[in-house]
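To start, the structure under review is shown below, and the notes come after it.
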Amino acid sequence: MTKIAMTTPLVEMDGDEMTRIIWQLIKERLICPHVDLKTEYYDLGLAHRDETDDAVTVESAEATKRLGVAVKCATITPNAARVDEYHLKEMWKSPNGTIRAMLDGTVFRAPILVKGIQPVVRNWEAPITIARHAYGDIYKNVEIQVPGAGKVELVYTGADGTEIRELVHEYDGPGVAQGVHNLDTSISSFARSCFKYALDTKQDLWFSAKDTISKKYDHRFKDIFAEIFEAEFADAFAEAGIEYFYTLIDDAVARVMKARGGFIWACKNYDGDVMSDMISSAFGSLAMMTSVLVSPSGVYEYEAAHGTVQRHYYKHLAGEETSTNSVATIFAWSGALRKRGELDNLPDLQAFADRLEKATIATIEAGEMTGDLARITTLENPKVLSTEAFIDAIASRL
Ligand code: NAP
Ligand code: MG
């Protein structure tokens, strides 16, 4: 059998723990037998990030800018426990944070729907895609632990020396304060990515924030979205028969619970972090949530929304059998291969991505699944497969 050819390599960002094991299996059993896989490999596993003083993360993001499409494995964001566990030189920053900041993109997260896994919210019939702004706010904050009485001020000093000064608070005793920021350029590219993605996928776009309380900060987001929509997208939306609207985040939450799905919900950075976990768990499982970072320059980075599944990895290390769900990681690969096929005009590669997804969904719908899904499926007598056996079941269908 001749393998499907690729022209431009994918940027491959390897990662940590259980997902690193899944990563290898997906390549070996699902992709390489069919595709003459070309990748530029970056090892973002924690040990190698530490060896390179995290330079490998920056290099992988640079490569993504150059080549256009990346696929990323979940990675450990170190905390104090990880510093000890891996004897780290320092508590390296979140690789996702570094990559997002460099690509200045928007993260779109959508659940993968299969028959037999019913959303907790009964009226959800179609996926709800969360568009998460990937720059700034509390992810780039500056914080002070206020030691005692005194005042905290916010000071802007212009290039010409002009000053704007606002009192944050007069403290009588200890407390906390933080400064957060965002940029018109980043908010604008967030808005444009959302409008474009809505048009691409022909779905309504909702945007929510809290401009009634945050009258300058959140209001700026609302205004930028409105201006860009009117100037650049209103006609195309009308033509496509889709809608854009802004609403307060608490109103959005209430509406989402009553909606049938099939729309994009654009959220600020923190809201998107929180809401995407809510949406994914309510749709079934964190392991069934895909994620793609789309930069305004048209660069794509695909990944699973979940982490490295640490608890399963320790079981694996102890020699116990695991049943870790690889669906979101498989869809990260299929998404990246399909996009590469689109950009390089390789219809065979795109068709392979479709087949890989179909085989994955068909496997679950036939009742063969991992433990996380077996616990919540409405299918009778599901067959619980191990991490490896599930991938093999997909491979045989493929
Ligand atoms: P996690 O890896 O998302 O797993 C949390 C729990 O969710 C698991 O223990 C498991 O529940 C369930 N789960 C998640 N993915 C699953 C899958 N594919 N199949 C089956 N069950 C799954 O989060 P974590 O264990 O809290 O974090 C581990 C590491 O991941 C951390 O070091 C964190 O920094 C990192 N992280 C990375 C990313 C990223 O790279 N994008 C995102 C989030 C977290 P049960 O144990 O009950 O089976
Ligand atoms: Mg999160």
Side-chain angles (χ1 to χ4, degrees), residues 19 72 74 96 100 105-134 137-139 190 193-195 197-198 200-210 221 225 242-294 301-307 309 325-332 334-335 357 360-361 364 369-370 372-373 375-378:
T19 40
K72 181 181 170 293
N96 285 53
R100 279 173 203 153
T106 299
V107 176
F108 294 91
R109 283 188 175 170
I112 300 154
L113 299 196
V114 294
K115 291 191 200 89
I117 308 294
Q118 237 61 315
V120 176
V121 181
R122 268 176 288 126
N123 40 285
W124 288 356
E125 291 161 14
I128 296 168
T129 301
I130 296 275
R132 173 182 172 188
H133 187 208
D137 302 349
I138 60 162
Y139 301 87
F190 171 42
S193 313
C194 291
F195 291 131
Y197 195 79
D200 275 358
T201 58
K202 295 241 181 320
Q203 298 183 89
D204 287 347
L205 176 68
W206 308 12
F207 174 52
S208 63
K210 194 70 179 177
F221 279 76
F225 265 75
I242 58 173
E243 202 190 351
Y244 163 67
F245 67 89
Y246 169 85
T247 187
L248 287 168
I249 180 128
D250 36 359
D251 177 52
V253 168
R255 285 180 190 229
V256 161
M257 297 313 281
K258 288 182 257 163
R260 64 165 290 278
F263 55 89
I264 301 161
W265 180 11
C267 292
K268 291 175 61 201
N269 209 349
Y270 171 80
D271 300 341
D273 187 355
V274 175
M275 293 307 164
S276 67
D277 280 9
M278 188 272 285
I279 294 280
S280 62
S281 343
F283 264 106
S285 163
L286 196 56
M288 298 291 281
M289 191 83 165
T290 59
S291 183
V292 54
L293 176 73
V294 181
E301 184 242 312
Y302 292 84
E303 61 175 323
H306 61 79
V309 212
N325 189 334
S326 47
V327 172
T329 308
I330 294 171
F331 274 62
S334 58
E357 291 179 0
T360 305
I361 289 172
I364 299 167
M369 59 190 81
T370 45
D372 57 315
L373 297 183
R375 277 196 295 277
I376 57 172
T377 186
T378 54

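When reading the values below, keep in mind they use all heavy atoms of this one structure, side chains included, and skip hydrogens, waters and symmetry mates. Here the structure is a predicted model, which is why all the values come from computation and not from measurement.
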**Over all atoms of both residues, closest heavy-atom pair of Arg255 and Trp206** = CB-CZ3, 3.6 Å
**Message:** Give me the atom names and distance for the closest heavy-atom approach of Ala266 to Leu205.
**Reply:** CB-CD1, 4.0 Å
**Request:** List in chain and number order the residues that pass side chain to side chain contact (heavy atoms under 4.5 Å, CB included) with Ala332, two or more places apart in sequence or in another chain; answer none if no residue qualifies.
**Result:** Val71, Tyr302
**Asked** Mind checking whether Ile117 and Ile376 have side chains closer than 4.5 Å, heavy atoms only?
**Response** yes
**Asked** Among all residues two or more places apart in sequence or in another chain, which pass the side chain to side chain contact (heavy atoms under 4.5 Å, CB included) test with Ser281?
**Response** none
**Message:** For Asp372, is there any backbone N or O sitting under 3.5 Å from a side-chain donor or acceptor partner on Thr370?
**Reply:** no
**Asked** Quick one: salt bridge (charged side-chain N to carboxylate O under 4.0 Å, His left out) pairs with a partner in residues 110-124, sequence neighbours left out?
**Response** Lys115-Glu365
**Results of salt bridge (charged side-chain N to carboxylate O under 4.0 Å, His left out) for Arg260 - residues two or more places apart only** = Glu125
**Item:** Candidate list Glu303, Arg132, His133, test side-chain contact (heavy atoms from CB on, under 4.5 Å), partner Val107, passing option
**Value:** Arg132
**Prompt:** With distance as the sole test, does Thr290 use its side chain to make a donor-acceptor pair with the main-chain N or O of Ala110 at under 3.5 Å?
**Reply:** yes
**Request:** Kindly indicate whether the side chain of His306, heavy atoms from C-beta on, has any atom under 4.5 Å from the side chain of Thr19.
**Result:** yes
**Request:** Would you mind reporting whether Phe263 and Ile128 have side-chain heavy atoms less than 4.5 Å apart?
**Result:** yes
**Complete:** For Ser280 and Met289, the nearest pair of non-hydrogen atoms, with its separation, is CB-SD, 3.3 Å
**Request:** Indicate yes or no for a side-chain donor-acceptor contact from Trp124 to the backbone of Val256 under 3.5 Å, with no hydrogens or angles considered.
**Result:** yes
**Request:** Keeping the roles fixed (side chain from Thr377, backbone from Leu373), state whether a donor-acceptor pair exists under 3.5 Å.
**Result:** no
**Complete:** Residues at least two apart in sequence or cross-chain that pass side chain to side chain contact (heavy atoms under 4.5 Å, CB included) with Glu243, listed by chain then number, are Asp204, Phe245
**Request:** Indicate yes or no: at least one non-hydrogen side-chain atom of Met288 is less than 4.5 angstrom from one of Val114.
**Result:** yes
**Message:** Is there a side-chain contact (heavy atoms from CB on, under 4.5 Å) between Trp265 and Val253? Walk through the geometry before answering.
**Reply:** CA-CA 10 Å; Trp265 180 11; Val253 168; 4.0 Å; yes
**Prompt:** Do the non-hydrogen side-chain atoms of Ser193 and Phe108 ever get within less than 4.5 Å of each other?
**Reply:** yes
**Item:** For Glu301, side-chain hydrogen bond (donor to acceptor under 3.5 Å, both in side chains) partners two or more places apart
**Value:** none
